[in-house]
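Read through the structure below, which is laid out as structure tokens, and then see the notes.
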Amino acid sequence: MDIRVQDSDFDAGGELNSFTARQTNAGAVVSFTGIVRDVEPGLSVMEIEHYPGMTEAAITKIAEEAMSRWALSDCLVIHRFGNLKPGEDIMMVATASAHRADAFAAADFLMDYLKSRAPFWKKEHTADGTDWVAAKDEDEAALKRW
Amino acid sequence: MDIRVQDSDFDAGGELNSFTARQTNAGAVVSFTGIVRDVEPGLSVMEIEHYPGMTEAAITKIAEEAMSRWALSDCLVIHRFGNLKPGEDIMMVATASAHRADAFAAADFLMDYLKSRAPFWKKEHTADGTDWVAAKDEDEAALKRW
Amino acid sequence: MIDILYFAWVRERIGVPKEQIETKAATVMELVEELRSREERYAVAFSDLEALRVAIDQELSDFDAQLSGAREIAFFPPMTGG
Amino acid sequence: MIDILYFAWVRERIGVPKEQIETKAATVMELVEELRSREERYAVAFSDLEALRVAIDQELSDFDAQLSGAREIAFFPPMTGG
């Protein structure tokens, strides 16, 4: 398990390759990359606030839950905080397993939980001002799948 | 849509990065990498046979189906044939979308269909001899999810 | 003494990211009532508890939870990570 | 003339990857019967149709399908890609 909370950028492809290279006899690796999307009337900054200390603990707990529910050989979570621009990578997860079903389900689960249970808050800065991104009912509902 | 059937190796991380860089305002990119697993009593070669011509057509049809069923901005499929060794990448898919649910579902769908509907056949070479890999009932059953 | 932390718009409405207070509150709810009665900015920040989440010692909890022994309570809106 | 292609163990049992034949078969099933009656190796390869798949002009099809106008018929086991 490799969990990183950082303000600096990361190289998703490079991380995917080193994650895969660390595995022993994995047959399936799934990755998810979350990217800052532009919004009307033009996003200047996506500010990501987090709760230092709790963030790492919460992600570790979610990752441990994924490792225990599926036959994973490993998982990776990288999540940034600070001021990001459209097109920048916000976060990534990767999962490795002998078989594809476990790798897919675990990555999907990790994303649902990171979205609604890891202490990050997004604030959009546009020409119109700033707005805290509201949590979506559908994201909370997604947790019921697991 | 980028579909490649090739005997040469590919760089999954590099492909993921260039795929992501090609997208305009995607918020979510999901990738899957399939890797040759070792088997008892030791795999010397995983031979992958395919049906030139039909392979490209079948993958294109599956990818078009994914593009029409989910709100994807793009998808990538790379699948190798020839003689591979344990630890080598066999294939990868990547999907890009505004939102994570579409990117995940489409990548999962692509994998299920590539597994059972793209004309590839795997043959394991071990010290015991050679064996055509049998299709699994669970892979056929997985298609019913869609 | 207990540390109270605020994040996102809760932090902005209350005006500080963190403060230390002396309290006899037994539950999160009692602590919220105490804060609400202090000043208008707290009453505003805590006006709709449905829109708030609470963590006790860096673990998600709920408003009925006991505070016994807690060192750090954090209030924030629903999370929007990922 | 029609091209018949074989893949994986079907190719190995029949001994060639491809052959051209003259046939009056109207359906895939009639073509299979014709091949079965030719030689033992065909009878063996086509002994269990449940274990076989067929493509007509590079599109997956089934054993009841008409051959009308087809140029290329391929027989192979269930696919194991991915």
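Proteins get letters first, then strands, A, B, ... in listed order; numbering begins at 1 in each.
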Where do N25(B) and R37(A) come nearest, in terms of heavy atoms and distance?
O-NE, 3.0 Å
One option among V30(B), T95(B), V36(B) has the most heavy-atom pairs under 4.5 Å with chain A, and it is V30(B)
Applying a criterion of heavy atom separation less than 4.5 Å, what residues of residues 50-60 of chain B form contacts with chain A?
none
Selection from A103(B), G87(B), A98(B) maximising heavy-atom pairs under 4.5 Å formed with chain A
A98(B)
Which bit of A101(B) comes within less than 4.5 Å of chain A, counting heavy atoms only: side chain, backbone, both or neither?
neither
Any idea which of A94(B), A26(B), P86(B), S18(B) has the most non-hydrogen atom pairs under 4.5 angstrom with chain A?
A26(B)
Interatomic distance, T24(A) atom OG1 to D38(B) atom CG [nearest 0.5 angstrom]:
11.0 Å
Could you list which of residues 3-16 of chain B have a heavy atom closer than 4.5 Å to any heavy atom of chain A, in residue-number order?
D11(B), A12(B), G13(B), G14(B), L16(B)
Could you tell me which residues in residues 108-133 of chain A have at least one non-hydrogen atom under 4.5 Å from a non-hydrogen atom of chain B, sorted by residue number?
D108(A), M111(A), D112(A), K115(A)
Would you list the pairs meeting side chain to side chain donor-acceptor pair (under 3.5 Å) in which at least one residue belongs to residues 63-72 of chain B, sequence neighbours left out?
E65(B)-R69(B)
Mind ranking Q23(A), R100(A), M92(A) by heavy-atom pairs under 4.5 Å with chain B and telling me who comes out on top?
R100(A)
